[in-house]
Amino acid sequence: MSEPGSGGTTFDRHLVLDQLGGWRGMVDASLPTIAFIVANSVGGLTVGIWAALASAVLVFLLRLLRRESLQQAVSGLFAVGVAVAITAYSGQARDFFVLGIVRNAGIALILLASIPFRRPLVGVIAEFLAPSHLGALSTHRLPSLRDRVRRDPAATVPMEGAAAVPVEGGATVPVAAGERAPDPEPEQHWREDPRMLRAYGWLTVLWAAVFALRAVVQGVFYLRDEVELLATSSLVLGLPLTAAELVVTLWVVARLHRHRSAEQPPAS
């Protein structure tokens, strides 16, 4: 991220949204696991390993054809590759899930650790992607941020000229023609609002609890070498549970946007 006045371009968080695969990306990420589960139960471990690899490569190629983020495609392929390598080395089907168990436990700890520092991670991410003082999610409809950016002509500087956009501290950032102007700074930081800090704290606890639940349940099945139950819990506690907590998170964030935008003074 370039500093104001440094002559560089301003980091645009909306570009980050284009790196996310959305629901389709979440489904794509589940395909190698499903392929491994089915193939392992039908043809054994070796068949399961090759099926997982083949599906991971297929997802990688589909993402390239859809011109999605190369980073996302590579990271997904890498994760499956590591899981397959561990499984092939140990010769045990349960080890295909060990990376996910460790990852879930680690994420849960990171989320919980962010709360005592008054920087609940869900709040940091939510305010980065959709600042509450802008009220972008204040409606019940919860419109797509990417669609809002693409359709809002006021979000970019006209092509015939350039502009110097004011930012925090009285400085200005040069914005070239056709580029998105940075969002205005809030009158009050979200962490200075007790209601927002408390709500984001509980949302962070919710997400940490879900990741911890996955780690504990799958960890128990892993230790018992219950491969079928381990596979089933991986799917049940994966996309469906993520979808449920995402709906709850969006609902709470929408209420926070209404709360915050209602307190913002009208623009002069």
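Residue numbers run from 1 in the order of the sequence given.
- The minimum heavy-atom distance between Ser55 and Pro32, with the atom names listed, is OG-CA, 3.1 Å.
- Looking at His257, its side chain does come within 3.5 Å of a backbone N or O of Ala130 through a donor-acceptor pair.
- Val205 and Ile107 fall into different hydrophobic clusters, where Ile, Leu, Val, Met, Phe, Trp and Tyr are joined by side-chain heavy atoms under 4.5 Å apart, directly or via other members.
- Across Thr249 and Trp207, no two heavy atoms sit closer than the pair OG1-NE1, 2.8 Å.
- The distance from the CD1 atom of Ile125 to the CG atom of Leu111 is 7.5 Å, given to the nearest 0.5 Å.
- Judged by distance alone, the side chain of Ser233 and the main-chain N or O of Leu229 form a donor-acceptor pair under 3.5 Å.
- Checked by atom type, the side-chain pair Tyr222/Asp95 shows a donor-acceptor distance below 3.5 Å.
- Here the closest non-hydrogen pair linking Ala39 and Gly48 is CB-CA, 3.6 Å.
- The two atoms that bring Ala215 and Ala105 nearest to each other are CB-N, 3.8 Å, heavy atoms only.
- Leu235 and Leu241 fall within a single hydrophobic cluster, where Ile, Leu, Val, Met, Phe, Trp and Tyr are joined by side-chain heavy atoms under 4.5 Å apart, directly or via other members.
- Atom CG of residue Leu112 and atom CZ of residue Phe211 lie 11.5 Å apart, to the nearest 0.5 angstrom.
- One finds the CG atom of Leu53 at 12.5 Å from the CG atom of Leu58 (value rounded to the nearest 0.5 Å).
- Linking ILVMFWY side-chain heavy atoms closer than 4.5 Å, directly or via other members, places Ile110 and Val124 in a single hydrophobic cluster.
- Here the closest non-hydrogen pair linking Leu206 and Glu245 is O-OE1, 4.2 Å.
- Ring geometry for Phe36 versus Phe97: interplanar angle over 60°, hence perpendicular rather than tilted (30 to 60°).
- The hydrophobic cluster containing Phe96 also contains Phe78, counting ILVMFWY residues as joined when their side-chain heavy atoms lie under 4.5 angstrom apart, directly or transitively.
- Summarising the geometry of Thr242 relative to Arg214, their closest heavy-atom pair is OG1-NH2, 2.7 Å, with the distance given to 0.1 Å.
- Atoms OG1 and CG, on Thr232 and Leu237 in that order, are 10.0 Å from each other to the nearest 0.5 Å.
- Taking CG of Leu197 as the reference point, atom NE2 of His189 lies at 10.5 Å (rounded to 0.5 Å).
- When the shell of 6.0 Å around CD of Glu228 is examined, it contains 12 or fewer heavy atoms from other residues, nucleotides or ligands.
- The shortest side-chain heavy-atom distance between Ser114 and Thr204 falls under the 4.5 Å cut-off.
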side-chain contact (heavy atoms from CB on, under 4.5 Å), that's the test. Do Ile86 and Val98 meet it? Break it down for me. CA-CA 8 Å; Ile86 296 174; Val98 69; 3.9 Å; yes
